[in-house]
Structures are given as structure tokens and as C-alpha cells.
Amino acid sequence: MSAGEGESDPRRRILYGRSRGKALRAGHARLVAENLPRLEFEPGASDLRTLFPFAPREFWLEVGFGAGEHLIDQAKANPDVGLIGCEPFLNGVAVALAGIEREQLTNVRLRRGDAQALIEAAPDGFFSRIFILYPDPWPKRRHNRRRIISEQMVEALARIVKPGGEVRFATDIDDYAGWTLARFLPSPMFRWIATGAADWRTHWPQWRPTRYEEKAHKAGRASVYLTFVRL
Ligand SMILES: C[S@@+](CC[C@H](N)C(=O)[O-])C[C@H]1O[C@@H](n2cnc3c(N)ncnc32)[C@H](O)[C@@H]1O
């Protein structure tokens, strides 16, 4: 484990995983060159409240949106909500840009990079909903601490989610569901709203399966859906 990697280090800023894959197709390269600069922002330098060309009813964040299918679907279904998507993997960002253009969405802004800086820069109580869907599982024990959910992350999320707002977490890895519960349940700032197994076995209403969910279900792995309400 490298210095600063541990869950105990709140300044952790190391990005694990890929930020780029195979060369972009010409259409995607054009979207990255022409549209991304218009939709991207720099956490800390931009005022998140004025990112959109209208005053959104609420702000929602999707951390690690992959290829953006869920982000685009939510944006389409909730045109009065400002959606911010954060994803370091350029090829995924390019696919999301294609969706934004195809659907002519004006309520999506993107941050290409690590979610940590964005979370640190967000104002208190800014987000009404945060999605963390199928985060990288880091299944090997020695890599567990690379998981995006940590005690510090729960604290950071508690600061930026407004009371009554929600963190929605999904995984197909049982061990990661347990890991996440072990970090949210002790927090006095969140309440897990499940009352029975149906709550964590059933996806949220108006749900577009993500690419990883589709892969997981095809491989026979079930999903766990956890909703944490900010108190
Ligand atoms: C297993 S994939 C899931 C993608 C998508 N949510 C889905 O369900 O299809 C995890 C995603 O999280 C992204 N990711 C990893 N570390 C991240 C970080 N620190 N901040 C934001 N996204 C991150 C990865 O690039 C990857 O796209």
C-alpha cells in the first residue's frame, strides 16, 4: 500500500483504475474536443450553483457514471434537476457526451476526474441526491481500502447532502454491500431506510440499469440497492 492510501488519510487523492482506454472513434473525439470544454467545470474554481442555464429545482450527483446511461436517463426524466456527473475514464465520458448531444440535454454538467475534489469543493447541503452505482469493487483484501466508500467519504457526503436528501448505492458484490453498511450505519448523519429484504433487492423507481448491472445480472450476480437518507 502506498503512503496516503489508507482509509484513515482524509487527504487521499489517488485515482485508481483507468482514465483512458482504446483510441476514441472520430465522432467521440469530436465531442470531447468541442462539447466537453463547454460542459466541464473545475471544482473549486466554478460556482456549482451557476453551472446551468436555468435555476434547477435540485442538484444531483452521479459518481463514476461509467458510460453515462443512468445519468442521461435521469437527466431526460428530470429536466428541472441539475445533474452533475463525475467520471475519470475518458472513453466513458465520450459516450455520455454522445447521449447529451443526442437528447439535447441542458441539465447535465460533467467533471472528468476523481470525485474527491468535487465533493470537497461542493457547498454544504448542496446535493439532494447522490448516486454511487457499482463502484470499482477492489475485491482483493489488500486492495479493499481503495474502495470509494470509506468512513471519510461518509463524512464528506454527510456535509454535501442536504437533510432529507439521499445517497443511493448499488453493488453486485455482497462483500461491498456489507462494507458500505458497516461505514454508513454508525454515522449519526444517515439512516438506512430498509425495512425488509425487498428494499435492498429492488431497484429504485424510474431505473435504467447501468452497463455494469447488465453485466452482473448476465453473469448471475444479484444487485444490492442501498438508500441512505441524510438526517
Ligand atoms: C465498475 S465501474 C461502474 C460504472 C457505472 N456506474 C456502471 O454501473 O456501469 C466504476 C466506475 O467508477 C469510476 N471511478 C473510479 N474511481 C473514481 C473516482 N475516484 N471518482 C469518480 N469515478 C471513479 C471508474 O472509472 C468506473 O467508470
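In each ligand, atom 1 is the first atom listed, and ligand 1 is the first ligand listed. What you see is a predicted model, and the numbers here were worked out from it, not measured in a lab. When reading the values below, keep in mind they use all heavy atoms of this one structure, side chains included, and skip hydrogens, waters and symmetry mates.
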Problem - Contacting atoms of ligand 1, where contact means under 4.0 angstrom from a heavy atom of Leu133 - result: 3 (C), 5 (C), 6 (N), 8 (O)
Practice task
Show which atoms of ligand 1 fall inside a sub-4.0 Å distance from at least one heavy-atom site of Tyr134.
Solution key: 1 (C), 2 (S), 3 (C), 8 (O), 10 (C)
Practice task
Please report the C-alpha distance between Thr210 and Phe65 in whole Å, then the side-chain angles of each, then the deciding distance to 0.1 Å, and finally whether the side chain to side chain contact (heavy atoms under 4.5 Å, CB included) criterion is met.
Solution key: CA-CA 9 Å; Thr210 69; Phe65 60 71; over 6 Å; no
Problem - Residues Glu69 and Arg211 bridged, charged N to O under 4.0 Å - result: yes
Practice task
Heavy-atom contacts with Asp114 under 4.0 Å: which atoms of ligand 1 show up? List them by number with element.
Solution key: 18 (C), 19 (N), 20 (N)
Handout entry: ligand 1 N/O within reach of Tyr212 N/O, cut-off under 3.5 Å
Key = yes
Practice task
Could you check Arg230, Glu155, Arg159 and say which one makes a side chain to side chain contact (heavy atoms under 4.5 Å, CB included) with Met189?
Solution key: Arg230
Problem - Interfacing atoms of ligand 1 (cut-off 4.0 Å, heavy-atom, Ala115) - result: 18 (C), 19 (N), 20 (N), 21 (C)
Practice task
Please test Trp192 against Leu185 for side chain to side chain contact (heavy atoms under 4.5 Å, CB included), starting from the C-alpha separation and ending with a verdict.
Solution key: CA-CA 7 Å; Trp192 180 36; Leu185 292 183; 3.7 Å; yes
Handout entry: Sub-4.0 Å atoms of ligand 1 with respect to non-hydrogen atoms of Gly66
Key = 4 (C), 5 (C), 27 (O)
Practice task
May I ask you to decide whether Arg30 forms a salt bridge with Glu101, counting only side-chain N to carboxylate O separations under 4.0 Å?
Solution key: yes
Handout entry: Nitrogen or oxygen atoms of Glu213 and ligand 1 under 3.5 Å apart
Key = no
Handout entry: Arg147 to Tyr176, cation-pi by 6.0 Å centre distance and 45° axis angle
Key = yes
Problem - Under 3.5 Å: N/O of Phe89 near N/O of ligand 1 - result: no
Handout entry: Proximal atoms of ligand 1 relative to Asp136 (non-hydrogen, under 4.0 Å)
Key = 1 (C), 2 (S), 10 (C), 15 (C), 24 (C)
Exercise for the section: Ignoring hydrogens and angles, tell me if any N or O in the side chain of Asp80 forms a donor-acceptor pair with the backbone of Arg57 under 3.5 Å. Expected result: no
Exercise for the section: Go through ligand 1 atom by atom and flag the ones less than 4.0 Å from a non-hydrogen atom of Thr210. Expected result: 7 (C), 8 (O), 9 (O)
Practice task
Ignoring angles and geometry beyond distance, decide whether Pro88 reaches within less than 3.5 Å of ligand 1 through its nitrogen or oxygen atoms.
Solution key: no
Practice task
Kindly indicate whether a cation-pi arrangement holds for Arg109 with Phe52, taking the cut-offs as under 6.0 Å to the six-membered ring centre and within 45° of the axis.
Solution key: yes
